[in-house]
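Written below as structure tokens is the structure these notes are about.
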Amino acid sequence: MGRPLKIIVAIDGPAGSGKSTVSKIVAKKLALLYIDTGAMYRALTLKAMRLGLNLEDEDALVSLAKSSRISLEEKDKLNVFLDGEDVSLAIRTPDVTANVKYIARVPGVRHEMVALQRSIGQKYGGAILEGRDIGTVVFPNADYKFYLDASPEERAKRRCKELIESGEAVSELSVKKDILTRDNSDMKRSVGALKRCDDAIFIDTTDLSIDGVAEKILSYICA
Ligand code: DC
């Protein structure tokens with residue numbers, strides 16, 4: 001199918017706010033390209049770990065970002081490629097999740113990732129991008145900006161369910177602790193920090209179903 005809509009939709013928010021699932025639904029409904037920017041930071045983290053890089057060595061991480069090929073391909077689902085290898089599953093392990101903060105806080109790495117995200121969005125002329133800094137940094141002039149959030153308890157419950165379904169033995173309490181640690185590093189970094197910008201439409205997803213959130217977003221875009 002072609003991609004008739006030439007709009008940029010930015011969806012930001014913390015882990016477990018429902019961004020990914022909702023973005024996929026909205027992208028499908030509007031035939032928009034879906035860009036999971038977190039997957040890009042995860043792919044670089046995986047590569048740094050595999051190479052045994054010192055995750056505190058910012059220069060090495062920037063060189064890594066400059067020399068890596070990261071791409072997203074949509075078939076029936078979104079596949080993430082790192083230097084030609086499909087790493088869609090490998091980037092979702094708890095180790096990658098725990099280490100991604102070292103990569104995402106480096107200004108030079110973010111510079112490379114933002115440039116890549118802009119070039120993909122501009123190449124296709126329209127896309128829905130989901131992450132932490134889409135409406136503030138990547139596409140500050142996006143046609144539509146949304147900020148999704150939910151209570152930490154609800155976010156932990158959702159993440160816990162996903163992890164248990166993928167075979168991880170986790171408790172809601174430990175997942176909540178991880179989520180709050182990630183919120184803290186996402187909100188406090190010096191560049192590309194997660195923040196709710198004034199011109200983003202805020203949606204509290206705590207008591208909403210996934211379809212309910214998707215409908216809300218679609219109602220703004222299709223109004
Ligand atoms: O959305 P996610 O949980 O897959 O993202 C993984 C990490 O990547 C997250 O902890 C923060 C970082 N990230 C970022 O810094 N900027 C983005 N635009 C997207 C994700």
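Not measured: the values here are computed from a predicted model. Each ligand, and each atom within it, is numbered from 1 in the order the structure gives. Only heavy atoms go into these numbers, but all of them, side chains included; no hydrogens, no water, no symmetry mates.
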(request) Would you check if the side chain of R118 reaches a backbone N or O of V138 as a donor-acceptor pair within less than 3.5 Å? (result)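 Yes; at least one donor-acceptor contact below 3.5 Å.
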
(message) Donor-acceptor pair, distance only, cut-off 3.5 Å: does the side chain of R105 make one with the backbone of S190?
(response)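 The answer is no, because no donor-acceptor pair under 3.5 Å joins these two groups.
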
(message) Working note: R158 + T205, criterion side-chain hydrogen bond (donor to acceptor under 3.5 Å, both in side chains); need CA distance, chi angles, decisive distance, verdict.
(response) CA-CA 11 Å; R158 292 174 188 165; T205 71; 3.0 Å; yes

(message) Test of understanding: with side-chain hydrogen bond (donor to acceptor under 3.5 Å, both in side chains), list the residues that count as partners of R50, not counting sequence neighbours.
(response)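 Partners of R50 under the side-chain hydrogen bond (donor to acceptor under 3.5 Å, both in side chains) test: E85.
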
(request) Show the protein residues that qualify under the rule heavy atom under 4.0 Å from an atom of ligand 1, listing them in chain and number order. (result)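 Ligand 1 pocket, heavy atoms under 4.0 Å: T37, G38, Y41, R42, R92, V100, A104, R110, G131, R132, D133, R182, D186, R189.
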
(request) Report the C-alpha separation of D143 and K6 in whole Å, then their side-chain angles, then the decisive distance to 0.1 Å, and conclude whether the salt bridge (Lys or Arg N to Asp or Glu O under 4.0 Å) test is met. (result) CA-CA 9 Å; D143 298 280; K6 300 282 187 197; over 6 Å; no

(request) Taking the side chain as every heavy atom from C-beta outward, state whether I120 and M40 have any pair of such atoms under 4.5 Å apart. (result)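 I120 vs M40: side chains touch.
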
